[in-house]
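Letters A, B, ... are given to chains in the order of the sequence lines, protein chains preceding strands, and every chain is numbered from 1.
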Amino acid sequence: MSRIGVFICHCGENIASTVDCESVAKSASEIPGVSFSIDYKYMCSDPGQSKIKNAIIEHKLNGVVVAACSPRMHEPTFRKACAEAGLNPYLCEMANIREHCSWVHPKGEETTFKAFEILRMLVEKVKRNTKLLPIKVPVTKTAIVLGGGVAGIQAALDIANAGHKVLMIEKDPSIGGHMAMLSETFPTLDCSQCILTPRMVEVAQHPNITLYNYAELESLDGFIGNFKARIRLKAKSVDPKICTACGVCWSKCPVKKIPDEFNTGLSKRTAIYVPFPQAVPNKPVIDRTQCTYFVKNGKCGVCKKLCPASAIDFETKDEIIEVNAGAVVVATGFEIKHTDFFPEYGYGRYKDVIDGLQFERLASASGPTLGEIKRPSDGKVPETIVFIACAGSRDKAKGIEYCSKICCMYTAKHAMLYKHKFHEGKAYVFYIDIRANGKNYDEFVRRTIEEDDVNYIRGRVSRIYESNGKLIVKGVDTLLNAQPVEIEADMVVLATAIVANADSESVAQKLHIGYDKHHFLSEAHPKLRPVETNTGGIFLAGACQAPKDIPESVSQGSAAASKVTILFSNDELTREPQVAFVNRTFPPQYSSCTGCLLCIPVCPYKAIEKEEIKNRNGEVVKTVAYVNGGLCQGCGTCVAFCRNKSIDIQGFTNEQMFTEVMALNF
Amino acid sequence: MNIGFYPGCSLTGTSKEYNESLVAVATSCGITLQEIGEWNCCGASSAHALNHELALLLPSRILALAEQQGFTELLIPCAACYSRIATAQHQLLQDAKLLAEVSEILKIKFTATIKLFNPLKFLSEKILPLIEDKIKNKLNLKVSCYYGCLLVRPPQIMKTERFEDPVVMENILAKCGAYPIDWNFKTECCGASLSIARGDISSKLSMRILRDAADKKAEVVAVACPMCHSNLDMRRPDINSLLTAKIDIPVLFITQLIGMALGIPAEKLGLHRHFVKNDKMVSNVYSQNKVECPA
Amino acid sequence: MNQKINQHIAYLMKEKGVNLIISQAKDSNGFVIPHFILSENDIISSVIAINEMRNFFAYLNKQEIKSFKSIGIVCNYFGVKTFFQLKFENQLKDLELFLLIPTDDDFIEITSEKQAEDYLSGLKQSTILVDEELENVKKMSMEERWNYWMKTLELCTKCYACRAACPMCYCSSCTTECNIPQWIPVPASLHGIFEWHVMRAMHLAGRCTECDECVKVCPANIPLNILNKGLHNKISEAFSSDDSSIKYALNFFQPDEKVDFIK
Amino acid sequence: MEDFEPKLAAFVCNWCTYAGADLTGTSRMKYPSNVRILRFPCTGRIDFMLVMKAFDSGVDGLIVSGCHPNDCHYTSGNFHAQRRWVVFKEVLDIMGFDTRRIFFTWVSAAEGAKWAKVVTDAVEELKKLGPYSEFKKILLKKLQFPLDNKTADREIKTEPVIS
């Protein structure tokens, strides 16, 4: 005999303003099987939950339906409340009468009726709910950190310092990411490499961290606490264990004209190379797409001949290793738009129109100009530089509506650095708004404007063109008399938009996590779960989620690390028991499953396997399908797939769904 | 091949030569341009500044007439007319209710789905494939292609690729043996809308365009808009006095250049109708391939 | 059956320990029926054209028959197809099977999946099956089709002969017998009948061997095979990008697959 | 048919469309109240039999919606569902069932506006099509069979009644 309790929440005015909650409660009390029904202002509040708990005890309820907001919001809250009152939490269901009813329909009888109908369907469903027990699974206390930029480094160090193993995967030959390329950092102007490189070294030397540089994630299977990753270790052609990094190979390599990625193409590198002098690990790799030996079938081999340690081996191949991990921190970073994205700024034709990252390299003491600001075309020191903020960002026509967040600050920094290095120079900044909302950020921008005399012009630049060796920057000053302005510049720096990595979509698919329309990876909740993803055990850090500056990336790295350590603080994980199972019955049938096993390929988690049912003598009497509850994630595809309903899924059983559908009862 | 043709006022007046050369080029490619009957003013430059309803109704009537007269394609050579008519079509197609209202006022039922051609689209889609083997005179001229504003903007209505840096004219003229140059003022404003009220501003803006073309050593400026043409051609004395130098680069309609390449006689292209002298250049083009210069 | 087969049957029974042969014979009405040979004395000669032959693999799903362990079965092309499909679906376990396919005056013997595959690939059928009645139905308007089926299905009594005769309907307990919940209403009401036939067609989609046993046994002459053929054609057409190694289209998908009616 | 209010159910997956419909709510967009949303873990869970049952229970139309291809929370449930719908739609088409009444869509968790549009359009379309009387005609002959099972209450009308 069902004794269902129905609890209707007003959600303040959110539900009550369009739904007559009192009448819903009254009608609900007349549904067969409902033995208790009330409405209340805030069901999720403490007194609201007490009402549920008291009713469960007082009325000996064996099922609860809370008609309130979305179950995606408060299902755990109410299930917990039920559990505290001694009712199995899985006997509690939520009827969504807020998001799916009161908020989307006007006040009126129809809306009230719909709320009641939604509730009634759930009452019918809950009558068929059964007690479920959570599933326990073991936790592998090793974390994968994907990406060795500052966010990944921070996450890896924090997890490792908490005593857990970390596997760091970096696609480039060295860790360090974008931060290693920067000159000085705002708002303190401390040198980026000076603060980052010690961290990089710490990663390399940490006993708990295994660094896989020049490696990529191939695939990730499994689930929270029990991931299985395949990592591709790209062939380095140099044995890092033997190599002493003496530098003979790269100084003698005949292929010298490859644009240097680390210096954003402003200098050249060789085919065997270390990306930058402070690289970690500081061992060279051979770029096989450029190396003569590989491009021209075995010609050359100079480095191999000259290597004093005989560390070079052209025969090494990509290697794929399999590792187990309990959690993944995704810190794959970002890319920027390049100058060729802007037709109005010359489609990348003008050498002296550069992007912000290139300016960082020009300003960096370890950069191609050793920190002197020289323009790329002829190496002259530019006397006038125009900086353009929001190049691409906040521009719907360019398909990038969002703010890239860091450009206002680094543009101010760039202008300031230029003025510090070349006092007579003129610097102009075109901007839309100045967004300097961090600690000491606005002060920094004010300093740039007031002390360093950088000319800020509020307006957009419509065109850049070359005339008589000058770059003519045409824009508008929208303040005061709103005049068009033209500036003859020697160099233009575009603060180009930050965009998601080109491969971010495929990374997301490998990890089974979501991404937004700009291909940034999606957090589970924009406010309350900013570092988690929708897939348990996978966390986000840094700019792979959205444009971020260094302090933010570091904070999120630490936040992700703390999530990982929280996860690792348990030896076992409790999982929702929403899993599929194959039915069992008495001999001689044993199960209605006929063992066609066509369901095996359907399972995305490879959770279905063959099971042989044996009798007491150990003879196989029947072969059936078996669902491994530890692997099953509860999608239920196999349930709908099974022809004779031998598989069912807890929480969404055939019986429950059938009843819910039939209760539509139009 | 019959295609509806809306000349608009400019092509019957100030840019008669545009009309002449366009018809000559189309005819030589076997395309008949059939003027739509009873056409009216498109309302450009004044209506949309004063009365939105009128600004919509005038071009709508042209669309409706063309459809009523059985055309499925409509060529509008004047950039301003095209802009007004395409904008009207865009509005009508976005809003079925509006279309019904307009049909009601015009007393003509129409769907506004006729395919519109601006001169560039017409030349690149219809003419270009036909002229490849018909080029008689290689132009051998450094040409700066000037688009102005209305042919490429607003991009969401004009649906132009590379609206900041279009290359349609360059592609066509390169086929005709010209050498399109890389310059900076392709899509800058010539000041046409101010040419009556503030001629001084128009002159200044046009001056900058021509100055850059001259700096980049252009021998001829190609245009596809009557307003651009009149500003760059007719205002030359003003421009030269502003520059305190003499720029004598002729400004020709792209159709005239194509016509020359096709060997169509100069007077049929209206080449004599310009203020800036072009006879030397024209005769050079015609004479290099030993075709007698008819001019 | 022809003499060579009969000789071979005798050989199988004597030498190979085969203790049941499911052969075919005609009854007095000329209807093809199974003929069970339990000993050499049961061997009879009968003349049945190859395309008249029926598919008796459904018997192999019966526990009583399975207990014979070593069984010979006289069949045609569809039998081989069935054998192959059943093997793919992990059925026919612990059975030693001898498929005997009569030819003009000889026979072919098939005992393994490999042989079956070779035999079938030698006789590749076109992927789109043509059926006059199917064409007719497809030409009708939606309302006409509905009326056509409602009229046809009115005669159905849900006797489940189609299910019993179908070699692919081997589930020991069918969804129709499931009563928690009662998926298919028990009474012979039209909507229950409609649901049963939709379900039957869905369950056979991509698996049906087109042997038409269901039609042959239907007492109401319901043209069930047009559903089977229609779905066969749909699958061949919609999932034509699958390579031939995919034996079941419905537990498989191509990356980035798109379907036009899902907006 | 002007006053006809179609009865519409929606089978949606928990991760995309249910969340998308939540977003419609949080964004306070409006849509007709004719729809009843049933939550499934994944489109892969949506049994075609349940689709039939929805029509049994008297709906005039049904929305089936889940994550866009490649966005499935379970990576591939929607791809399997997609193939299933291709075949299922064909059976129904051959049998003359009005498949215009089943609206297959993908609505992501970010597409609150799309959800409102899907429902609005479906209701509008169903208003054009009118009640599904063809199907309801055969339902009239149905016996009101019990929603019988071990835990259910018997208060629901369980006696078979021929109407």
Separation between NZ (K247(C)) and CG (L598(A)), nearest 0.5 Å, reads 11.5 Å
For F641(A) and N251(C), the nearest pair of non-hydrogen atoms, with its separation, is CZ-CB, 3.5 Å
So, the part of Y248(C) with a heavy atom under 4.5 Å from chain A: the answer is side chain
Are more than 12 heavy atoms, taken from residues, nucleotides or ligands other than K610(A), located less than 6.0 Å from that residue's NZ atom? no
Scanning both residues in full, the closest heavy-atom pair of S173(C) with Q589(A) reads CB-NE2, 3.4 Å
### Query
Under 3.5 Å, is there a donor-acceptor pair between the side chain of T175(C) and the main chain of R643(A)?
yes
query: Any donor and acceptor pair, going by atom type alone, linking the side chain of Q91(C) with main-chain N or O of T594(A) inside 3.5 Å?
result: yes
Rounded to the nearest 0.5 Å, the CG atom of N644(A) sits from the CH2 atom of W183(C) at a distance of 12.0 Å
Report yes if some heavy atom in the side chain of K93(C) is under 4.5 Å from a heavy atom in the side chain of T623(A); otherwise report no.
yes
- With no hydrogens and no angle check, is any side-chain donor or acceptor of N90(C) less than 3.5 Å from a backbone partner on C596(A)? yes
Rounded to the nearest 0.5 angstrom, the OH-OG distance for Y590(A) and S172(C) is 12.5 Å
